[in-house]
Amino acid sequence: MRASGAPASDVRRRIATELADDVPWNRVLNSICTEPHPLGVEMASAAAHTNLGDVRIFRGTKRIERRVVRLLLDLMGNPGGSGSLVSGGTEANLIALLVARESARARGRLTDRPEVVVSSTVHFSFTKIFGLLGLTPVVVPVDDSLRLPAGEVARRIGEHTVAVVATAGSSEFGVVDAVDEIGPVVAGRDVHLHVDAATGGFIIPFARELGHDLPQFDFSVDGVDSITIDPHKYGLANVPAGAILFRGAQDAGRFAVDSFFIDTPVHNTLLGTRPGAAAVSTYAVLEHLGRDGFRDLTRTNFEVTQYLVDGLRAAGHELFAEPQLNIVVVRMPHAVRISQLLESKGWIVSTSKRFGETLRLVVTRHVTPAMVDEFLPVLERACKE
Ligand code: PLP
């Protein structure tokens with residue numbers, strides 16, 4: 001640390017210089033996070049000092065958190081459930097599997113080798129979680145449509161299984177598992193079904209309302225016990241805003257750790273000190289946009305995705321898979337070199353470590369047709385270099 005402090009103007013200038021080097025959103029085609037809504041940013045800044053870990057001080061902020069959880073439960077078709085706001089998809093998935101493991105223990109169902117059935121495209125956050133919780137993954141290869149096959153799930157559930165994880169919007173492809181088929185297979189087997197909708201939670205409900213043919217994935221599906229949904233992705237809230245939701249009114253409390261002090265409630269989340277600003281930002285955006293606003297955003301999102309797909313096809317590119325949501329994966333010889341060339345020209349895309357020569361383009365809320373029009377010629381030049 002410096003021996004004596006620098007003037008605020010100096011600190012501001014140096015931070016502004018670093019921030020200016022971050023890639024502007026209009027050059028970002030790889031991120032599931034997007035530019036937060038201006039009202040969310042404004043309200044997060046008003047709540048920058050708040051801490052949801054201390055509910056006696058921040059009682060108004062806590063009320064906002066409870067309201068956000070209710071709004072999200074309502075969106076996921078289960079107003080009577082329970083849940084918590086957390087730091088993001090990783091923490092939400094962790095808490096879901098912790099609750100699954102502890103519920104199995106409470107029912108005398110926990111063996112010496114607890115297993116979780118997952119697909120080969122499940123998000124890598126689960127690799128961290130399996131290590132932390134001492135769970136063994138039973139990995140089911142995805143089918144030709146890149147989905148977790150319900151029949152295989154049924155076959156792999158055994159005496160050690162404590163949970164099955166389905167994904168509603170995979171990170172790599174935006175593919176939605178057939179949760180409506182997996183749910184009935186898991187229901188009645190005394191196994192927790194968790195749906196990781198970190199990516200799709202703020203898209204699929206609205207896309208279904210708009211008539212897109214996507215499977216139902218929420219609590220209306222028999223067997224679904226918990227859902228991860230991330231306001232800091234397509235919910236337009238500030239990072240770090242995630243949520244874990246449970247079917248039962250008491251389920252969120254099944255992982256509960258007491259604090260030292262009287263009148264301080266138990267903690268249901270991994271983090272102790274937690275940013276109230278993220279809850280406030282999420283509340284502001286949900287209230288301001290409402291279902292209509294999110295439906296409009298989703299309509300635009302699908303239109304821009306189609307615009308990009310049409311442009312790519314017109315330029316002769318082949319897609320790796322037909323996009324279900326707003327993630328477009330293109331077959332691309334020399335993908336890594338092309339991605340590096342694009343980055344040298346200011347554009348950020350992803351290339352897969354697991355699926356060969358492909359470019360992954362994410363059409364999130366900040367991607368516009370004008371941006372696609374700028375990008376495609378740069379891609380063509382990079383392909384020819
Ligand atoms: N699950 C899915 C499907 C994701 O796409 C992601 C992140 O992209 C995560 C979990 C992890 O979320 P976070 O990075 O917010 O911890």
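Remember, it's a predicted structure, so these values are computed and weren't measured experimentally. Numbers here are sequence positions counted from 1. Just so you know, ligand 1 is whichever comes first in the structure, and atom 1 is the first atom listed for that ligand.
In this view, D251 and R254 satisfy the side-chain hydrogen bond (donor to acceptor under 3.5 Å, both in side chains) rule, not counting sequence neighbours. In this structure, the side-chain hydrogen bond (donor to acceptor under 3.5 Å, both in side chains) partners of T34, at least two apart in sequence or on a different chain, are H366.
T358 contributes atom OG1, which lies 13.0 Å from atom NZ of K353 (distance to the nearest 0.5 angstrom).
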Exercise answer: donor-acceptor pairs, residues 374-385 side-chain atoms, under 3.5 Å, sequence neighbours excluded:
from: E374; atom 1: OE1; to: R27; atom 2: NH2; distance (Å): 2.7
from: E380; atom 1: OE2; to: H317; atom 2: NE2; distance (Å): 2.8
from: E385; atom 1: OE2; to: K345; atom 2: NZ; distance (Å): 3.2

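Ring geometry for F302 against H212 counts as tilted: the plane angle lies between 30° and 60°, on a 0 to 90° scale.
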Extract all N/O-N/O pairs under 3.5 Å that connect ligand 1 to the protein, and present each with both atom names and the distance rounded to 0.1 Å.
from: ligand 1; atom 1: 1 (N); to: D196; atom 2: OD1; distance (Å): 3.2
from: ligand 1; atom 1: 1 (N); to: D196; atom 2: OD2; distance (Å): 2.6
from: ligand 1; atom 1: 5 (O); to: S171; atom 2: OG; distance (Å): 3.0
from: ligand 1; atom 1: 5 (O); to: T199; atom 2: OG1; distance (Å): 2.8
from: ligand 1; atom 1: 12 (O); to: G89; atom 2: N; distance (Å): 3.3
from: ligand 1; atom 1: 12 (O); to: K233; atom 2: NZ; distance (Å): 2.9
from: ligand 1; atom 1: 15 (O); to: G89; atom 2: N; distance (Å): 2.9
from: ligand 1; atom 1: 15 (O); to: D230; atom 2: OD2; distance (Å): 3.3
from: ligand 1; atom 1: 15 (O); to: H232; atom 2: NE2; distance (Å): 2.9
from: ligand 1; atom 1: 15 (O); to: K233; atom 2: NZ; distance (Å): 3.0
from: ligand 1; atom 1: 16 (O); to: G89; atom 2: N; distance (Å): 3.3
from: ligand 1; atom 1: 16 (O); to: T90; atom 2: N; distance (Å): 2.8
from: ligand 1; atom 1: 16 (O); to: T90; atom 2: OG1; distance (Å): 2.6

Original post:
Given D10 and R13, is the salt bridge (charged side-chain N to carboxylate O under 4.0 Å, His left out) satisfied, shown in steps?
Top reply: CA-CA 5 Å; D10 185 33; R13 188 182 42 74; 2.5 Å; yes
